[in-house]
Amino acid sequence: MRGGWRLFPLLLLALLRGLCHGREPAPGAVTCGSVLKLLNTRHSVRLHSHEVKYGSGSGQQSVTGVEASDDANSYWRIRGKSDGSCQRGTPVKCGQAIRLTHVNTGKNLHTHHFPSPLSNNQEVSAFGDDGEGDDLDIWIVQCSGTYWEREDAVRFKHVGTEVFLSITGEQYGHPIRGQREVHGMPTANHHNYWKAMEGVFVKPSTDPAKHDEL
């Protein structure tokens, strides 16, 4: 009996650890402020933008998918729904609202009720100036755990129109020959899974004042 009571504190500690399991940020979590490339796992192309505007629809800066892994126009910065809502180095949670800002042009990943030029799904564009756009720049990260892990395939659901960031394989001709159309689709399917790839990741930290870069 006495031996059993001596084991009680150890059992209690193990129970508490079990309850907390999965709540601490893992070393591989994607964090606010990180700059990365996103790979569509179905079509093996990276999310891309450039100073080429759509010739139809909104006429805004086009967003495409490219096969090349070394294209500098495929880098996006992870930001919060609003300034201050996603402190640098804080792990991004599943279900969190974020913005994806194109590093080279300062425009945000955006969608709205215009038809996409090739598939007639919903057009996805890059919009705004110096990282500032509007409410149609906000996406929800959909993943299965507590945090968005670099090894996970995740979805991005648009808050304003409820479509998923997708690629179905349609290819452009001149002047962006071979690049794939990126668009929004109303259903979750295998065309809208994305994985974090190359980039500069800020280490996860529970203290936003303390961080490094990998």
Side-chain angles (χ1 to χ4, degrees), residues 29-32 34-50 54 56-58 60-67 73-82 85-86 91-102 107-128 133-172 176 179-197 199:
V30 175
T31 52
C32 298
S34 293
V35 172
L36 50 73
K37 295 180 181 181
L38 290 166
L39 178 75
N40 183 278
T41 59
R42 173 69 175 181
H43 298 279
S44 297
V45 292
R46 286 161 174 78
L47 188 68
H48 180 89
S49 192
H50 39 223
Y54 287 119
S56 61
S58 69
Q60 294 176 3
Q61 182 170 300
S62 58
V63 172
T64 63
V66 298
E67 293 181 354
N73 272 321
S74 300
Y75 282 113
W76 301 83
R77 185 181 302 278
I78 307 296
R79 302 173 63 214
K81 178 180 177 180
S82 59
S85 65
C86 192
V92 176
K93 293 182 178 180
C94 297
Q96 184 171 334
I98 64 166
R99 290 176 290 176
L100 290 164
T101 302
H102 188 242
K107 296 183 182 297
N108 296 328
L109 189 69
H110 180 96
T111 189
H112 40 211
H113 292 296
F114 286 91
S116 59
L118 301 182
S119 66
N120 205 39
N121 284 298
Q122 186 166 297
E123 181 192 276
V124 171
S125 65
F127 174 76
D134 63 21
D135 289 343
L136 293 177
D137 301 340
I138 301 169
W139 302 79
I140 297 292
V141 180
Q142 289 194 344
C143 43
S144 58
T146 302
Y147 297 100
W148 174 12
E149 303 288 345
R150 278 184 249 170
E151 295 301 316
D152 293 342
V154 305
R155 290 189 174 102
F156 300 100
K157 185 174 184 179
H158 190 244
V159 171
T161 65
E162 298 188 338
V163 296
F164 295 90
L165 183 69
S166 306
I167 291 179
T168 49
E170 293 82 3
Q171 294 190 22
Y172 288 105
I176 49 176
Q179 296 187 22
R180 310 294 178 88
E181 181 187 79
V182 174
H183 49 249
M185 299 184 73
T187 56
N189 55 50
H190 54 276
H191 295 295
N192 36 59
Y193 275 119
W194 301 84
K195 185 177 177 181
M197 298 298 288

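Throughout, residue positions are numbered sequentially from 1 according to the sequence presented. Just so we're clear, the structure is a prediction, and the values are computed from it rather than from any experiment.
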- Query: Does Arg180 use its side chain to pair, donor to acceptor, with the backbone of Gln171 at less than 3.5 Å?
  - Reply: no

- Task: May I ask you to test the Thr64-His50 pair for a side-chain heavy-atom distance under 4.5 Å?
- Result: yes

- Item | Leu47 vs Trp76 side-chain heavy atoms within contact, under 4.5 Å | yes

- Message: I'd like to know if the side chain of His102 and the backbone of Asn73 have a donor-acceptor N/O pair within less than 3.5 Å.
- Response: yes

- In Å and rounded to the nearest 0.5 Å, what is the CG to CZ distance from Asp135 to Arg99? 10.0 Å

- List the steps, then state whether side-chain contact (heavy atoms from CB on, under 4.5 Å) holds for Ser34 with Arg150. CA-CA 11 Å; Ser34 293; Arg150 278 184 249 170; over 6 Å; no

- Starting from the C-alpha separation in whole Å, work towards a yes-or-no answer on side-chain contact (heavy atoms from CB on, under 4.5 Å) for Ile78 and Thr31. CA-CA 7 Å; Ile78 307 296; Thr31 52; over 6 Å; no

- Task: Check whether any side-chain N or O of Trp139 sits under 3.5 Å from a backbone N or O of Leu109 as a donor-acceptor pair, and report yes or no.
- Result: yes

- Query: Between Ser49 and Ser62, is there a donor-acceptor pair closer than 3.5 Å when you use the side chain of the first and the backbone of the second?
  - Reply: yes

- Nearest 0.5 Å, what's the CG-CZ distance between Asp137 and Phe127? 6.5 Å

- Task: Measure from the side-chain N and O atoms of Glu123 to the backbone N and O of Ser58, and report whether any donor-acceptor pair falls under 3.5 Å.
- Result: yes

- Item | Chi angles and distances behind the side-chain contact (heavy atoms from CB on, under 4.5 Å) call for Tyr75, Lys37 | CA-CA 5 Å; Tyr75 282 113; Lys37 295 180 181 181; 3.4 Å; yes

- Any idea which heavy atoms bring Asn189 and Met185 closest together, and the distance? ND2-CE, 3.8 Å

- Note on the structure: Exactly one candidate in Trp148, Phe164, Tyr193 meets ring-ring contact (aromatic ring centres under 6.0 Å, His included) with Phe156; the answer is Trp148

- Query: To the nearest 0.5 Å, what is the distance between NE2 (His191) and OG (Ser119)?
  - Reply: 10.5 Å

- Non-hydrogen atoms of Ser85 and Ser82 that approach each other most closely: OG-O, 2.6 Å

- Item | Residue that, paired with Arg46, satisfies side chain to side chain contact (heavy atoms under 4.5 Å, CB included) out of Glu67, Met197, Lys195 | Met197

- Query: Which atom names give the shortest non-hydrogen contact between Val30 and Ala196, and what distance separates them?
  - Reply: CG2-CB, 4.2 Å

- Counting distance only, does the side-chain N/O of His43 pair as donor-acceptor with the main-chain N or O of Ile167 below 3.5 Å? yes

- Task: Assess whether side-chain contact (heavy atoms from CB on, under 4.5 Å) is satisfied between Thr168 and Glu170, documenting all intermediate values.
- Result: CA-CA 6 Å; Thr168 49; Glu170 293 82 3; 2.6 Å; yes

- Query: Residues two or more places apart in sequence or in another chain: which of them pass ring-ring contact (aromatic ring centres under 6.0 Å, His included) with His112?
  - Reply: His110, Phe114

- In terms of heavy-atom contacts, Gly65 and Val45 come closest through C-CB, 3.9 Å

- Donor-acceptor contact below 3.5 Å, side chain Glu181 vs main chain Leu118: yes

- Do the non-hydrogen side-chain atoms of Ser125 and Gln61 ever get within less than 4.5 Å of each other? no

- Task: Please check if the side chain of Asn192 supplies one atom and the backbone of Thr187 the other of a donor-acceptor pair under 3.5 Å.
- Result: yes

- Query: So do Leu100 and Leu38 actually touch side chain to side chain, heavy atoms under 4.5 Å?
  - Reply: yes

- Closest non-hydrogen atom pair, Asn40 against Trp194: N-CE3, 3.4 Å

- Query: Has the side chain of Asp152 got a donor or acceptor atom that lies under 3.5 Å from a matching backbone atom of Val154?
  - Reply: no

- Task: Write down the atom of Ala29, the atom of Pro91, and the distance for their closest heavy-atom approach.
- Result: CB-CB, 4.0 Å

- Message: Per the salt bridge (charged side-chain N to carboxylate O under 4.0 Å, His left out) rule, what does the pair list look like for residues 153-166, sequence neighbours excluded?
- Response: none

- Message: Counting C-beta onward and ignoring hydrogens, is there a side-chain heavy-atom pair between Thr101 and Asn108 closer than 4.5 Å?
- Response: yes

- Does Lys81 reach the main-chain N or O of Ile98 with its side chain, forming a donor-acceptor pair under 3.5 Å? no

- Would Ser166 and His183 satisfy side chain to side chain donor-acceptor pair (under 3.5 Å), going step by step from the backbone distance to the final call? CA-CA 5 Å; Ser166 306; His183 49 249; 5.2 Å; no

